[in-house]
Amino acid sequence: MRWVTYRSEQGDRVGVVDGDDIHTLARGAELVELIGRGAEGLRAAGEQALRAPDEVVPLAEATLRAPIPRPPTVRDCLCFLDHMRNCQEVMGAGRTLKDAWYEIPAFYFACPSTVLGPHEPVPMAPGSVWWDFELEIAAVIGTGGRDLTPDEAEQAIVGYTIYNDWSARDLQLRESPLAIGQAKGKDGATTLGPYLVTADELAPYRRDGRLALEVEATVNGERVGGGRTDAMDWTFGEVISYASRGVELLPGEVFGSGTVPGCCLIEHFSPGDPAAFRGWLKPGDVVSLRVQGLGETRQTVTATPAPHPIPARRNPDATPRRQRVNPARSAVPYTKGLHEIGPNVWAWLLPDGGYGWSNAGLVAGANAALLVDTLFDLRLTGEMLAAMRPVTDRHPLTHAVLTHANGDHTHGNQLLDDSVRIIAAADTAKQMHTEIAPDMLAAVRIADFGPVLTPFLRERFGPFDFDGIKLRLPTITFDRDLTLDIGGREVRVLNLGPAHTSADSVVHVPDAGVLFAGDLLFVGCTPIVWDGPIANWIAACDTMLALDAPTVVPGHGPVTDADGIRAVRAYLTHVVEQADAAHARGLTFQEAAKAVDLAEYAAWLDAERIVVNIYQRYRELDPGNPPLAQTELLALMAEWDAAR
């Protein structure tokens with residue numbers, strides 16, 4: 001039999017599905033009470049409803065709730081060890097599980113008060129942007145019992161239903177250092193339904209003590225994963241037996257199976273290729289779970305308000321943040337804010353110029369203005385645009401140029417008015433599609449990457465808030481050069497890449513003698529060669545010098561002049577000399593980075609970037625060497641920094 005609970009004007013009603021109709025029991029009947037009568041008692045109640053229903057309701061017109069809207073308890077088990085291996089691999093810990101996983105049929109408690117029906121909207125957990133689903137099936141206890149054997153536990157199951165374990169992955173990561181089990185990462189919502197299918201109806205699908213049901217999960221109609229439920233390593237009988245040790249199991253208690261491998265989003269995230277990830281669930285996404293013999297759930301994700309903040313306690317054992325001072329001289333005061341650097345030309349500066357602390361620019365003409373880059377998060381970009389408003393109220397923003405694809409120059413684009421034309425090199429627009437998604441960058445504030453990489457990432461990226469960022473792509477692209485008319489002023493945009501990234505543009509304002517160099521120029525902080533080749537970056541420095549601009553705004557660091565360009569050129573030449581000499585001696589790039597003589601560049605901020613720069617030079621010398629993922633390079637930089 002297939003049992004349902006549905007809403008009516010008189011409250012919840014319970015019935016048995018017969019074809020396309022629900023044969024309803026008398027008002028006041030509750031499924032949790034009926035299943036307490038055991039399989040035979042439940043069958044008798046169902047047969048009575050089929051013979052003489054209180055009413056008959058078309059199934060298609062019923063608003064289904066969870067079969068048991070408020071279970072006595074909900075336990076989610078971890079019966080599929082391949083799911084655990086996949087998740088552990090995603091976290092960078094490999095696929096080898098600890099012995100305990102093979103010794104204990106594990107489970108945790110979920111929240112009965114947030115159980116949802118099969119078609120109800122699903123609110124995201126407040127404060128979460130990594131919202132995920134998990135396709136499971138659930139066993140429901142009938143008569144219950146205590147200290148059950150696995151066979152007795154199997155006999156105690158009265159029926160099965162689909163189980164969706166909605167998961168806030170970011171909150172899970174944030175809570176994992178506590179090592180006390182699941183909490184806010186898991187209690188946002190649990191879906192049960194559409195039916196409670198009695199065990200006898202599923203007998204044809206039983207294989208070797210397990211149900212062999214085909215399953216499939218889709219998001220917006222796109223298949224995410226599928227599989228079979230008989231891939232369980234632990235059986236329901238075993239996990240229920242374990243849970244019953246010293247505990248009286250009650251009718252209606254729910255036991256989730258754990259996730260069928262591949263049937264959730266997190267398993268499809270690759271640390272080596274984060275840009276290939278489809279992304280977490282967003283408001284409006286429709287998640288459908290189909291299970292052979294159990295039916296289908298179909299639900300729409302909805303937004304929730306931000307949670308009320310709770311201030312952190314002071315950690316008396318925390319290591320104070322390192323004091324960082326950019327050592328470069330500055331043509332204008334190197335302070336946060338808007339600085340006029342030429343006639344109707346301004347630079348927005350963010351000291352100290354390290355990771356994420358990037359500069360931007362503003363060029364005003366008659367009834368028009370051009371913005372050069374936005375910033376790493378919405379708060380920083382909002383502050384900048386507000387400070388520019390006395391100018392942009394008189395000279396409205398009409399254009400914005402993105403110098404390259406990195407998020408610290410693009411993440412604030414969504415705050416620009418829709419009328420603003422966003423311009424970038426074609427390869428910059430292409431690379432923006434492959435950059436790490438902003439919500440994934442939140443991992444640096446919450447995930448545990450080990451004792452070396454974790455503090456490195458927290459120190460450099462912890463100050464930024466990546467929530468709520470929706471990447472806005474360019475509306476106008478060009479290949480190598482583009483000339484703009486900004487209210488009667490000529491502005492030249494030149495793509496001098498690939499170098500720092502796959503395309504690196506500079507913005508030249510000839511009548512003001514100003515050059516916005518983007519990340520082709522780091523002043524007082526170490527350049528990093530993500531793409532290269534290095535020779536092309538050196539050539540880009542020569543091109544910038546030939547423009548003969550008296551005032552140069554780097555992507556990071558204080559305002560400079562031609563000497564700042566020459567310093568970066570000299571650094572890159574030094575990297576090539578050091579790397580080539582080490583390569584000739586037969587050193588690995590890691591050994592070369594450890595032995596490098598940074599000379600006068602040792603005082604520049606973020607000196608650990610030498611690791612990536614030597615790696616890129618080695619790749620130029622030996623093109624056949626396999627590329628390393630960005631996460632691996634970050635780990636190597638963290639190790640270099642810790643050793644120094």
Side-chain angles (χ1 to χ4, degrees), residues 64 80 82-83 85-87 89-91 116-125 128-137 161-170 172 185-186 188-194 213-229 231 256-304 414 429-443 466 468-473:
L64 297 184
F80 296 91
D82 256 353
H83 168 67
R85 294 184 188 100
N86 294 343
C87 290
E89 187 175 32
V90 166
M91 294 295 104
L116 298 172
H119 308 124
E120 291 186 83
V122 181
M124 298 175 66
S128 173
V129 293
W130 294 9
W131 193 234
D132 198 358
F133 68 90
E134 296 190 70
L135 191 164
E136 310 183 19
I137 64 171
T161 189
I162 297 175
Y163 185 115
N164 191 341
D165 177 29
W166 300 95
S167 302
R169 301 299 186 187
D170 43 357
Q172 266 189 292
K186 285 287 190 177
T190 301
T191 296
L192 301 176
L213 307 176
E214 299 282 349
V215 307
E216 183 182 53
T218 64
V219 177
N220 301 329
E222 174 190 351
R223 190 177 194 269
V224 173
R228 279 169 49 125
T229 59
S257 65
T259 308
V260 178
C263 293
C264 61
L265 295 177
I266 193 171
E267 291 187 53
H268 299 280
F269 174 76
S270 169
D273 189 12
F277 183 54
R278 74 164 302 284
W280 305 106
L281 297 173
K282 299 288 191 295
D285 283 344
V286 178
V287 178
S288 295
L289 308 184
R290 301 181 187 91
V291 179
Q292 186 179 24
L294 297 183
E296 178 182 3
T297 66
R298 182 178 176 85
Q299 297 174 274
T300 301
V301 176
T302 61
T304 51
Q414 73 192 75
K430 183 178 179 181
Q431 191 170 26
M432 286 175 71
H433 286 283
T434 62
E435 285 285 288
I436 299 176
D439 57 7
M440 292 306 304
L441 286 171
F466 301 110
I469 296 170
K470 299 175 183 177
L471 201 58
R472 182 176 167 191
L473 296 171

What's the shortest heavy-atom distance between Pro121 and Thr302, and which atoms?
CB-CG2, 3.8 Å
List in chain and number order the residues that pass salt bridge (charged side-chain N to carboxylate O under 4.0 Å, His left out) with Arg472, two or more places apart in sequence or in another chain; answer none if no residue qualifies.
none
Got a donor-acceptor contact below 3.5 angstrom from the Asn164 side chain to the Glu134 backbone?
yes
Leu294, Ile137, Leu135 screened by side-chain contact (heavy atoms from CB on, under 4.5 Å) with Thr229, the one that passes
Ile137
Can you find a heavy atom in the side chain of Arg85 that is under 4.5 Å from one in the side chain of Asp82?
yes
Check whether any side-chain N or O of Gln299 sits under 3.5 Å from a backbone N or O of Gly117 as a donor-acceptor pair, and report yes or no.
yes
Partners meeting salt bridge (charged side-chain N to carboxylate O under 4.0 Å, His left out) with Lys430 (sequence neighbours left out):
none
Can you list the residues that meet the side chain to side chain donor-acceptor pair (under 3.5 Å) rule with Ser288, with sequence neighbours excluded?
Arg298
Please list, chain by chain and in numerical order, all residues satisfying side chain to side chain donor-acceptor pair (under 3.5 Å) with Gln172, sequence neighbours excluded.
Arg169, Gln182
Taking only residues two or more places apart in sequence or in another chain, which ones pass ring pair (Phe, Tyr, Trp, His ring centres under 6.0 Å) with Phe269?
Phe277
Taking side chain as C-beta onward, heavy atoms only, is Val224 less than 4.5 Å from Cys263?
no
Residues that Asp439 engages under salt bridge (charged side-chain N to carboxylate O under 4.0 Å, His left out), provided they are two or more places apart:
Lys282
Can you tell if the side chain of Trp131 reaches within under 4.5 Å of the side chain of Asp170, non-hydrogen atoms only?
no
Hey, could you give me the CH2/CG distance between Trp130 and Leu265, rounded to the nearest 0.5 Å?
12.5 Å
Give me the atom names and distance for the closest heavy-atom approach of Leu289 to Ala217.
CD2-CB, 3.7 Å
Does Trp166 have any side chain to side chain donor-acceptor pair (under 3.5 Å) partners at least two apart in sequence or in another chain, and if so, which?
Thr191
Could you walk me through whether Val122 and Phe133 pass side-chain contact (heavy atoms from CB on, under 4.5 Å), step by step?
CA-CA 10 Å; Val122 181; Phe133 68 90; over 6 Å; no
Not counting sequence neighbours, list each pair that qualifies as a salt bridge (Lys or Arg N to Asp or Glu O under 4.0 Å) and has a residue in residues 261-270.
none
Once side chain to side chain contact (heavy atoms under 4.5 Å, CB included) is applied, do any residues pair with Glu435, and if so which ones, sequence neighbours excluded?
Ala405, Asn406, Gln431
If the condition is side chain to side chain donor-acceptor pair (under 3.5 Å), which residues does Glu216 pass it with, not counting sequence neighbours?
Arg223, Arg290
Once rounded to the nearest 0.5 Å, what's the spacing between atom CG of Asn86 and atom OG1 of Thr259?
10.0 Å
Side-chain donor or acceptor of Asn220 paired with backbone N/O of Val286 under 3.5 Å:
yes
With sequence neighbours left out, write down each residue that passes salt bridge (charged side-chain N to carboxylate O under 4.0 Å, His left out) with Asp165, or none if nothing qualifies.
Lys186
Gap separating the CG atom of Leu116 from the CG atom of Leu192, nearest 0.5 angstrom
9.0 Å
At their closest point, which heavy atom of Ile266 faces which heavy atom of Cys87, and how far apart are they?
CG2-SG, 3.9 Å
For Phe466, the ring pair (Phe, Tyr, Trp, His ring centres under 6.0 Å) test, sequence neighbours excluded, returns Phe376
4.5 Å side-chain heavy-atom contact, Leu281 and Met124
no
Worked check of side-chain contact (heavy atoms from CB on, under 4.5 Å) between Trp280 and Val129
CA-CA 7 Å; Trp280 305 106; Val129 293; over 6 Å; no
Which heavy atom in Ile162 sits nearest to a heavy atom in Pro194, and how many Å separate them?
CD1-CD, 4.1 Å
Validation row: Phe80, Val260 side chains within 4.5 angstrom (heavy atoms)
yes
Once you round to the nearest 0.5 Å, how far does NE2 of His119 lie from OG1 of Thr297?
7.0 Å
